[in-house]
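Since this is a predicted model, take the numbers as computed values, not measurements. The sequence lines fix the lettering, A, B, ..., with proteins before strands; numbering per chain opens at 1.
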Number of protein chains: 2
Amino acid sequence: METRKRADARRNEATLLDAAAAAFVEAGVDAPVRDIAARAGVGVATIYRHFPTRADLIVAVYRHQVEACAEAGPALLAEGGSPHAALGTWINLFVDFLVTKHGLAAALRSDDAAFDKLHAYFLDRLVPVCAQLLDAAAEAGEINPGTDALELMFGVGNLCIGAENHPQYNARHMVALVIAGLRR
Amino acid sequence: METRKRADARRNEATLLDAAAAAFVEAGVDAPVRDIAARAGVGVATIYRHFPTRADLIVAVYRHQVEACAEAGPALLAEGGSPHAALGTWINLFVDFLVTKHGLAAALRSDDAAFDKLHAYFLDRLVPVCAQLLDAAAEAGEINPGTDALELMFGVGNLCIGAENHPQYNARHMVALVIAGLRR
DNA sequence: TGGAAAACGGAACACGGTTCCGTATGTTCG
DNA sequence: CGAACATACGGAACCGTGTTCCGTTTTCCA
């Protein structure tokens, strides 16, 4: 069996997740480490012990939402509508997720090494789903084949940066153009 | 006449522009203030005296290139080809500019107040040009009207973030999709 | 040439991430 | 039950970067 963690450690981890989630809502995923620690009533080192990089913490906080998004892909395809429509709907789910998490899109695109894990997690989990949707649409002759799923996800992620500020900019409009541009 | 600046001040300003340009090429537009100062052989305060915010420095370094891009818009239209093609070519000029300036796209999208001037400068200078091209294409019936030039520029800028790293991502592919998506 | 005004340099400060280490607490075994 | 060990903790200390302050130097004009 795996070595059992100490009770206080498990308790602190849960407390930290709550505190981080709250801090992220208020101040974005760049919320200062000290703030999160203070909110949870622990020392800063405790955060680093449980989540060595900020990416680990972000992944832990949002893991279930990412899973839900990943699982929605095949479900949309199974509904039997047009694959292109399914792709569009799914991308919009992803956009909804990103734009409601202040700064997450910016963190995702960051090339800072600390965010490699975040990058890897999102890509590992979501790119295959996107690829599946792209393949289905290409097979149905609705879009031109040859678009790389990774590139598409990267681009959509980029389009979502700064969407929550700047009210003049609506990421969904640009994403819609991209989806339209895929059409054969 | 405007109050004449001291000779050493003018000299330092020119030196700083050179140093900053060099630093930007090597380390991107986020190059540490101290590095730029050291390169120019001046103290850090001298930078702040001449360019109160980083945005001022960036604008000063790239002003002529932005002007060139702005002037290319009407020129492309005047060449007599299809307005939609002109729009595509012009956007690609803009993309070329952004992706060769490490971190500039990221700075542009930043909502940090320090970059307001950078934002304003780019938008004031380039959005009208983009709008002109959009209008021409719409009038020619090549694209659907209703796309906001500001939104398009913002989106294209976002797509260029991180293009110079991540070799798997080519901003131009995504931009091409957006341009294609504009088509009626 | 003298002195006021302009400009300078670098030390000092602020702030956020990261690490270290002495202390406290949970756990296990006699 | 209680001692001893491992685990986890807190917060002070450290580092890098942007920003400001102030005593000193340079320019320029009278």
Interatomic distance where CG belongs to A:Asp8 and P belongs to C:dT25 [whole Å]: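 It is 10 Å, rounded to the nearest whole Å.
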C:dC8 C1' sits how many Å from B:Lys5 NZ, rounded?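 After rounding, the gap between these two atoms is 14 Å.
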Electrostatic pair [X]:[Y] at N-O distance under 4.0 angstrom:
| X | Y | answer |
| --- | --- | --- |
| B:Asp96 | B:Arg172 | yes |
| B:Lys101 | B:Glu164 | no |
| A:Glu67 | A:Arg125 | yes |

Compare the minimum distances between each of C:dC13, C:dG17, D:dT26 and the side chain of B:Arg34, then state the nucleotide with the smallest one.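 From the listed options, C:dC13 comes nearest.
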What nucleic acid atoms does A:Arg10 come within less than 4.0 Å of, heavy atoms only: base, sugar-phosphate, or nothing?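 A:Arg10: no heavy atom of the nucleic acid under 4.0 Å.
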May I ask you to check whether A:Phe24 and A:His102 place their ring centres under 6.0 Å from each other?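 Between A:Phe24 and A:His102, which both carry aromatic rings, the centre distance is not below 6.0 Å.
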Taking the nucleotide of DNA chain C with the closest heavy atom to each, which residue, B:Ala9 or A:Ala7, is nearer the 5' end?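 Looking at the nearest nucleotide for each, B:Ala9 comes out on the 5' side.
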Going by ring-ring contact (aromatic ring centres under 6.0 Å, His included), name the pairs with one or both residues in residues 40-89 of chain B, residues two or more places apart or in two chains.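 Passing the test, one end in residues 40-89 of chain B: B:Tyr62-B:Phe97.
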For DNA chain C, find the residues of residues 39-63 of chain A with a heavy-atom distance under 4.0 Å and give them by number; none if there aren't any.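 The stretch gives A:Val44, A:Ala45, A:Tyr48, A:Arg54 as the residues lying under 4.0 Å from the strand, ordered by number.
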May I ask you to check whether B:Thr15 and B:Asn12 show a side-chain donor-acceptor distance below 3.5 Å?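 No, because no side-chain N or O of B:Thr15 sits under 3.5 Å from a partner of the opposite role on B:Asn12.
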